[in-house]
Amino acid sequence: MNNVFVYCEIEDGQVAEVSQELMTKGRSLANELGCQLDAIVIGSELDGIEKEIYPYGVDTVFIADDKRLYPYSTLPHTSIIVKLFQEQKPQIALMGASSIGRDLGPRVSSALHSGLTADCTSLIIGDHFDKKQDKNYENLLYQIRPAFGGNIIATIINPDCRPQMATVREGVMKKEVVDPKYKGKLVKLEVAKYVSEADFVVEIIERHMEKSKVNMKAAPIVIAGGYGMGSKENFQLLYDLAEVLGGEVGASRAAVDAGYVDHERQIGQTGVTVRPKLYIACGISGQIQHRAGMEESAQIIAINTDPEAPINSVADYVITGDVATVLPKMIKYYKQNTK
Amino acid sequence: MKAYKIIVLAKQVPDTRNVGKDAMKADGTINRAALSAIFNPEDLNALEQALRIKDSFPGSTVTILTMGPGRAAEIIREGMFRGADGGILLTDRAFAGSDTLATSYAISQALKKVKDYDIIIAGRQAIDGDTAQVGPQVAEKLGIPQVTYVEEVQKIEKGKVFMKRRLERGVETVSCPIPLVMTVNGSAPDCRARNSKLLMKCKHAKTVTELQNSNEDYLHLYNDRPYLNIPEWTVNDIEVEQAELGLSGSPTKVKTVENVVLQAKDAKIISSSDNDIDELMRELIESHTIG
């Protein structure tokens with residue numbers, strides 16, 4: 001009771017990366033709160049999946065296994081979680097800010113009348129004193145996220161409603177196995193008690209899922225372009241440099257919105273978080289949402305015509321100049337000076 | 001052929017994508033006046049999907065429902081210029097401070113008053129909050145299914161809507177019975193432009209409040225042409241529990257808001273000259289950062 005709960009997303013029979021990251025975060029929150037960490041897995045053919053989950057320090061794994069529960073569909077997954085949360089009364093519930101978590105989270109929060117904060121970049125435990133009610137709240141979940149176009153950082157709390165729900169993007173938290181032999185217990189839910197026929201009105205007719213072509217999270221070097229690149233064609237320079245250096249191309253939201261590059265390359269709060277050895281920001285002004293997704297890079301080079309660009313504040317090297325002049329010079333030097 | 005009653009949920013938002021230097025005041029707070037108010041981009045994608053259904057099923061109607069201050073009527077007019085039949089402005093001080101849950105409560109209560117709807121279409125998310133929560137929460141409160149991340153409505157057949165969804169790693173085709181809420185992705189087709197005839201026809205459309213504050217010479221027009229009247233609903237027009245609205249109806253509270261203060265690292269400033277770039281590359285290769 002009153003535990004920390006993580007909704008485990010399943011991809012091709014495996015626990016999604018974002019869920020592994022959230023279990024790691026959930027474990028540290030549970031330790032601080034002195035409670036247990038629980039996980040719920042919903043899908044089909046899940047035999048043995050709990051063994052993948054315990055090592056993150058999960059005390060109880062709830063499994064709802066039924067062939068109708070995979071692929072993910074909103075209504076049955078909502079019904080199971082709502083009922084389970086009513087029984088288990090978790091104090092905190094975490095979900096990935098993926099197309100699944102962002103579909104499921106709001107529906108669950110509405111059914112339970114509990115608050116939900118999307119796309120958090122940090123989660124910590126803290127107290128809150130409410131002056132109006134002269135009431136002190138202990139051990140609330142601070143849900144921290146940039147807001148209003150990234151010009152402010154808001155700390156959101158849910159003082160009175162439970163669970164305190166938050167979604168977090170893949171890559172924001174770091175995953176870590178607590179103990180490969182961690183002892184948890186398994187609870188298999190009797191699915192028929194949790195869902196009704198009416199939950200299956202939405203029919204999945206066809207699905208084409210691909211392994212992501214770009215893997216920016218694993219790339220040692222990320223070369224990212226922003227709105228300042230000016231056009232889709234100019235992005236070619238970034239691909240050229242990425243190829244020479246052995247890196248991956250990323251982008252700011254503004255560049256994605258402008259159609260220069262696909263969404264899957266977006267870095268930042270509403271995209272991917274990366275921590276490469278080297279990050280080269282080209283024509284990126286560096287709004288906080290973008291910085292949230294790259295500022296932990298080991299080395300950052302900012303190339304911008306604006307000497308005042310916010311990106312410069314997180315950079316190790318600031319090149320004030322035009323990307324179109326700088327990048328070819330970098331490529332040229334590299335080609336001449338390496339084998 | 002059947003006609004459908006379509007409601008588009010739309011929001012007027014500050015244009016956070018184009019935040020200029022003057023958007024922040026000297027004391028570090030946001031200068032809202034410096035941000036223009038726009039039709040939330042993905043809500044325009046939603047409107048386009050609605051208008052396409054209307055094109056395919058003549059007799060269908062598209063109504064824009066928006067919650068916001070009085071000036072949000074602008075987006076209803078904007079929608080009418082592009083082909084919407086009309087709209088409803090949900091406006092009241094009691095809604096101020098609503099989080100997504102209190103917002104979806106107010107909107108769902110307004111929809112219960114509309115009652116007669118088949119398809120509710122919203123943008124996936126609004127650019128001022130990026131939460132993507134109001135669509136699914138409205139669906140839950142109405143007790144109807146939701147389909148999110150829709151890129152295209154493919155067909156409507158035998159009371160079911162067939163849609164293509166765009167997900168992180170691919171696409172999915174689903175069918176869902178009417179009534180439903182769908183939320184539309186920015187990857188869906190852009191909204192059609194304003195139509196000049198509709199612009200002429202609807203440019204005087206006004207809410208009651210706007211009409212009271214204007215020097216409209218042709219007040220009789222508003223009797224002769226009912227479409228020029230944009231209904232304005234307050235808490236008195238919909239059935240609501242006051243405690244569920246605004247701040248009191250919002251489980252989430254903003255504890256603190258910090259302005260983003262940048263503390264610059266000691267960055268090495270270099271020029272784009274050949275020498276400087278060569279020197280930088282040499283350093284990076286030497287430190288095995290690259291190469």
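Being a predicted model, the structure only gives us computed values, none of them experimental. In what follows, every chain begins at residue 1, and chains take the letters A, B, ... in the order their sequences are listed.
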_residues 322-329 of chain A: residues contacting chain B (heavy atom under 4.5 Å, by number)_ =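 Within residues 322-329 of chain A, the residues under 4.5 Å from chain B are A/Val326, A/Lys329.
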*A/Ile319 portion near chain B, given a 4.5 angstrom heavy-atom threshold*: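 Answer is both: backbone and side chain atoms of A/Ile319 are under 4.5 Å from chain B.
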*Using a strict 4.0 Å threshold on nitrogen-to-oxygen distance, state whether B/Asp130 and A/Arg253 make a salt bridge.*
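Looking at B/Asp130 and A/Arg253, the cut-off is met.
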*asked:* Using heavy-atom distances under 4.5 Å, tell me whether A/Gln299 contacts chain B through its side chain, its backbone, both, or neither.
replied: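 It is the side chain, since no backbone atom gets that close.
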*asked:* Between B/Lys164 and A/Glu206, does any NZ, NE, NH1 or NH2 come within less than 4.0 Å of an OD or OE carboxylate oxygen?
replied: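 Between B/Lys164 and A/Glu206 there is no salt bridge, as every charged N stays at least 4.0 Å from the carboxylate O atoms.
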*chain B heavy atoms under 4.5 Å from A/Thr117: which part of the residue, side chain, backbone, both or neither?*
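A/Thr117 touches chain B through backbone and side-chain heavy atoms alike.
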*Is it true that atom CD of A/Gln133 has more than 12 heavy atoms of other residues, nucleotides or ligands lying nearer than 6.0 Å?*
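Buried by this count: over 12 neighbours within 6.0 Å.
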*Where on B/Ser273 is there a heavy atom nearer than 4.5 Å to chain A: the side chain, the backbone, both, or neither?*
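Looking at B/Ser273, just its backbone touches chain A.
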_So that I can tick it off, tell me whether B/Arg169 and A/Glu11 are bridged by a salt bridge, with the cut-off set at under 4.0 angstrom between side-chain N and carboxylate O._
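Yes, A/Glu11 and B/Arg169 are salt-bridged.
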*Can you say whether B/Glu283 sits under 4.5 Å from chain A via the side chain, the backbone, both, or neither, judging by heavy atoms?*
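For B/Glu283, the side chain is the part near chain A, not the backbone.
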_Looking at A/Arg107 and B/Glu140, is any side-chain nitrogen of the basic one under 4.0 Å from a carboxylate oxygen of the acidic one?_
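Between A/Arg107 and B/Glu140 there is no salt bridge, as every charged N stays at least 4.0 Å from the carboxylate O atoms.
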*Considering only heavy atoms, which portion of A/Ile144 lies under 4.5 Å from any heavy atom of chain B: side chain, backbone, both, or neither?*
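A/Ile144 has no heavy atom closer than 4.5 Å to chain B.
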*In terms of heavy-atom proximity below 4.5 Å to chain B, should A/Glu170 be classed as side chain, backbone, both, or neither?*
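The answer is the side chain of A/Glu170.
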_Is B/Ser104 in contact with chain A via its backbone, its side chain, both, or neither, using a 4.5 Å heavy-atom distance?_
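Contact with chain A involves no heavy atom of B/Ser104 at all.
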*Interface moiety of B/Leu284 toward chain A, non-hydrogen atoms closer than 4.5 Å*: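 The side chain, not the backbone.
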_Contact origin within B/Ile277 toward chain A - heavy atom pairs under 4.5 Å_ =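 B/Ile277 touches chain A through side-chain heavy atoms alone.
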*Kindly indicate whether the side chain of A/Ser98, heavy atoms from C-beta on, has any atom under 4.5 Å from the side chain of B/Glu168.*
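Yes, side chains in contact.
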